[in-house]
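Each remark here refers to the structure printed beneath this line.
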Amino acid sequence: MTSVSPTIEGFPADLKALTSLRAFLALGVVLFHYQLQWDPTLGFSPIIERSRLAVDAFFMLSGFIMAHVYGPSFAKGTFSYKRFIVARIARMYPLHLAVLAGVLVMVLAAAGQGVRYDPATYTPQGFFQTLFLIQAWFPSTLGSNWSGPSWSLSAEWFAYLLFPAYALVATRLRHRPRVLLGLGVVGFIAIDAVYGQMFGKVLPRAEDDMGILRILPEFLIGMGLHGLGRGLRWSRSVTIDATVVATLALFVAMQFSLDDRYVVALTAPVILCWSLLAKAGCEGPLSSPVLVFAGEVSFALYLVHMPLLVAYKGVAAEMRGIDSGFVMTPAELFGLFVVTVFVSVALHLFVERPGRSAIRKHFESRGPKPVTAAD
């Protein structure tokens, strides 16, 4: 969630529907990975398969929220890059370090006990690249399993470092948000073409292998969506209707397994419409405390679900004397999901929140109080 002034250029400070959207996006990523583990005869959902593209929605959301929180101060000339970076470190690193430390303990324990694992994906180089969140900055032929989902944090970190450049462009095009949005779209098309030539796959498939190229245009698209939404004044009925249509269109595209790039394109209207729900005062159940809290926990859920899945499969395979690629039963997946949710909540409450507060408090004590952004 975002905690700044009561309203920012027409938008409520707390865009609760977007916070809730994060919960659905993180759940989609979890279900995508879980679907890879169950018996295909039990069914296959194209919607769940395309839920891996929730990462692209996260990238657009980051651009949107950064424009929402820091755009006004940048336009006024009061933006502090140092405070911005401190806030981003406080947002990402407590949880990132906790999960990475847990994976390190898991790998060392496995090595000590003679448990089978692929050492090629747990290299010292991969560990330090993951530690400093630069693993998605370079070409890679072998993915790293050190906190696998954190490749997207690496991409986010890259975009944050470039935020002044993004903000400068957004400020110059403040009164022409469609041009800003168009630049993001053209950038996506151009980078997708280059990435296809380099790696032989579409841009929404970029992860460890230069995933930074994936966020570069999508972050800008998110900022363009914010600028566009800033000037829109829709009635409650129009906003609700548009939100339903945009969301259904996205689900239809996912169900029919359209090209990844089309699915990503249809994600943008969903983000815009869900943000306008807050502006029109019709967020309804999307602003409920339960969903908003789930959205706040989504970062922990997103980061920890894969390490817990890998750990469970490794231990279960050793106990059963089988390969770790075994198919999981629905009961196993449900039980693992319940455990993962509890672990995620605990990490959010006892690591993420206090860690963020401690870092911010430490740096705030050295200077003027910065803008608060808890997203």
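- Under the side chain to side chain contact (heavy atoms under 4.5 Å, CB included) criterion, L291 pairs with S20, F24, L286, S288, sequence neighbours left out.
- In this structure, the side chains of H68 and L18 stay at 4.5 Å or more apart for every pair of heavy atoms.
- Contacts classified as salt bridge (charged side-chain N to carboxylate O under 4.0 Å, His left out) and involving residues 99-112 (residues at least two apart or in different chains) are not found.
- Side-chain contact between V103 and T130: absent, with no pair of heavy atoms (C-beta onward) separated by less than 4.5 Å.
- The side-chain heavy atoms of M328 and Y34, taken from C-beta on, include no pair separated by under 4.5 Å.
- Screening residues 94-105 for side chain to side chain donor-acceptor pair (under 3.5 Å), with sequence neighbours left out, gives no hits.
- A 4.5 Å side-chain heavy-atom check between I65 and R22 finds at least one atom pair inside the cut-off.
- More than 12 heavy atoms of other residues, nucleotides or ligands sit less than 6.0 Å from atom NZ of K201.
- The structure places CH2 of W137 at 11.0 Å from CD of Q129, a figure rounded to the nearest 0.5 Å.
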Which donor-acceptor pairs under 3.5 Å do side chains of residues 245-257 form with protein atoms, sequence neighbours excluded?
residue	atom	partner	partner atom	Å
T247	OG1	T243	O	2.7
T247	OG1	W274	NE1	3.1

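- For Y166, the ring pair (Phe, Tyr, Trp, His ring centres under 6.0 Å) partners two or more places apart in sequence, or in a different chain, are F219.
- The minimum heavy-atom distance linking L183 with L173 is given by the pair CD1-CD1, 3.6 Å.
- Between P94 and E352 there is no side-chain heavy-atom pair separated by less than 4.5 Å.
- Residue pairs that meet the salt bridge (charged side-chain N to carboxylate O under 4.0 Å, His left out) test with at least one member in residues 55-69, sequence neighbours left out, are D56-R214.
- Residues forming a side chain to side chain contact (heavy atoms under 4.5 Å, CB included) with R261 (at least two apart in sequence, or on another chain): F188, D192, V202, P204, D259.
- Cluster partners of V186, using a side-chain heavy-atom cutoff of under 4.5 Å among ILVMFWY residues and allowing indirect links: none.
- Checked against the 6.0 Å centroid threshold, F199 and Y195 count as a close aromatic pair.
- Checked for salt-bridge contact, E156 and R88 miss the test: no charged N lies under 4.0 Å from a carboxylate O.
- Contacts of F32 classified as ring pair (Phe, Tyr, Trp, His ring centres under 6.0 Å), with partners at least two apart in sequence or in another chain: none.
- Sorted by first and then second residue, the ring pair (Phe, Tyr, Trp, His ring centres under 6.0 Å) pairs involving residues 311-351 (not counting sequence neighbours) are F293-H348.
- For T78 (side chain) and S73 (main-chain N/O), a donor-acceptor pair under 3.5 Å exists by modelled atom type.
- Of all non-hydrogen atoms in R360 and A87, the two that sit nearest each other are NH1-CB, 3.0 Å.
- For D323, there are no side chain to side chain contact (heavy atoms under 4.5 Å, CB included) partners at least two apart in sequence or on another chain.
- Annotation: side chain of W234 is in contact with side chain of C273 (closest heavy-atom distance under 4.5 Å).
- Annotation: side chain of V99 is not in contact with side chain of S150 (no heavy-atom distance under 4.5 Å).
- Here the straight-line distance linking atom CG of L220 with atom CG of L180 works out to 5.0 Å at 0.5 Å rounding.
- A salt bridge links E332 with R320; the closest basic N to acidic carboxylate O contact falls under 4.0 Å.
- In this view, S45 and Q35, I47, I48 satisfy the side chain to side chain contact (heavy atoms under 4.5 Å, CB included) rule, not counting sequence neighbours.
- Between L31 and S51, the closest side-chain pair of non-hydrogen atoms is not below 4.5 Å.
- The aromatic rings of F79 and Y81 lie tilted to each other, with the angle between the two planes from 30° to 60°.
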